[in-house]
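Basis for what follows: all heavy atoms, side chains included, without hydrogens, waters or symmetry-related copies.
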Amino acid sequence: MKDIILKAVANPPKLFWGPVLPTALNAGLQIPFMFMAIGMADVNPLVFIISIVTGHLIVVALGAKDPHLSGMIQAFGQTNIVPQNLYKVKGHKFEP
């Protein structure tokens with residue numbers, strides 16, 4: 001087995017020391033809200049900078065506990081589908 005594959009599996013990608021997907025979601029949600037609040041209500045951006053940093057520290061802590069957090073979120077999004085049963089049965093069945 002090659003070392004490159006093992007490194008990719010053992011060390012998932014990180015963005016500013018946090019898992020990529022939660023870190024990108026944190027920044028992608030809070031930064032637009034910051035600019036909207038500054039433009040509409042003339043809010044001090046320091047409040048949002050503090051919340052962005054706090055949210056990022058929480059994501060980093062969760063990423064240290066479980067480094068494959070991005071992969072788990074992606075897998076949940078792909079498997080959280082309610083299947084349509086082809087035949088009348090009790091419960092949900094995955095059928096081709």
Side-chain angles (χ1 to χ4, degrees):
M1 205 177 260
K2 295 182 180 180
D3 285 338
I4 298 170
I5 295 172
L6 290 175
K7 285 181 183 177
V9 171
N11 299 324
K14 298 203 178 285
L15 181 64
F16 299 117
W17 305 283
V20 173
L21 188 60
T23 303
L25 285 173
N26 179 38
L29 290 175
Q30 289 197 30
I31 291 174
F33 283 128
M34 177 181 70
F35 286 121
M36 285 189 291
I38 291 170
M40 293 169 53
D42 200 28
V43 177
N44 188 355
L46 187 60
V47 174
F48 286 98
I49 299 298
I50 291 170
S51 71
I52 290 171
V53 171
T54 305
H56 184 70
L57 289 175
I58 292 170
V59 169
V60 168
L62 291 173
K65 183 178 178 184
D66 188 8
H68 296 282
L69 193 58
S70 293
M72 288 173 42
I73 292 172
Q74 289 173 345
F76 178 75
Q78 293 172 358
T79 59
N80 192 24
I81 300 171
V82 178
Q84 296 292 327
N85 292 338
L86 296 176
Y87 310 105
K88 290 191 175 198
V89 293
K90 206 173 204 181
H92 293 291
K93 307 286 186 209
F94 286 104
E95 298 171 351

For the residue pair [X] and [Y], what are the closest heavy atoms and their distance?
X: V20; Y: L15; value: CG2-N, 4.2 Å
X: S70; Y: P22; value: OG-CD, 3.4 Å
X: I52; Y: N26; value: O-ND2, 3.4 Å

Transitively linked via ILVMFWY side-chain contacts under 4.5 Å: [X] with [Y]?
X: L62; Y: I73; answer: yes
X: I49; Y: I38; answer: yes
X: L69; Y: L25; answer: yes
X: L29; Y: I31; answer: no

Pairs meeting criterion side chain to side chain donor-acceptor pair (under 3.5 Å) with involvement of residues 49-60, two or more places apart
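Checked against side chain to side chain donor-acceptor pair (under 3.5 Å) - neighbours excluded - the pairs reaching residues 49-60 are Q30-S51.
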
Residue list, side-chain contact (heavy atoms from CB on, under 4.5 Å) with A37, at least two apart or on another chain:
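Residues passing side-chain contact (heavy atoms from CB on, under 4.5 Å) with A37: V43, F48.
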
Straight-line distance of [X] [atom1] to [Y] [atom2], nearest 0.5 Å:
X: L21; Y: Q74; atom1: CG; atom2: CD; answer: 5.5 Å
X: N44; Y: M34; atom1: CG; atom2: CE; answer: 11.0 Å
X: W17; Y: L57; atom1: CH2; atom2: CG; answer: 10.5 Å

For residues P19 and P67, determine if any side-chain heavy atom of one lies less than 4.5 Å from a side-chain heavy atom of the other.
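Counting from C-beta outward, P19 and P67 never come under 4.5 Å.
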
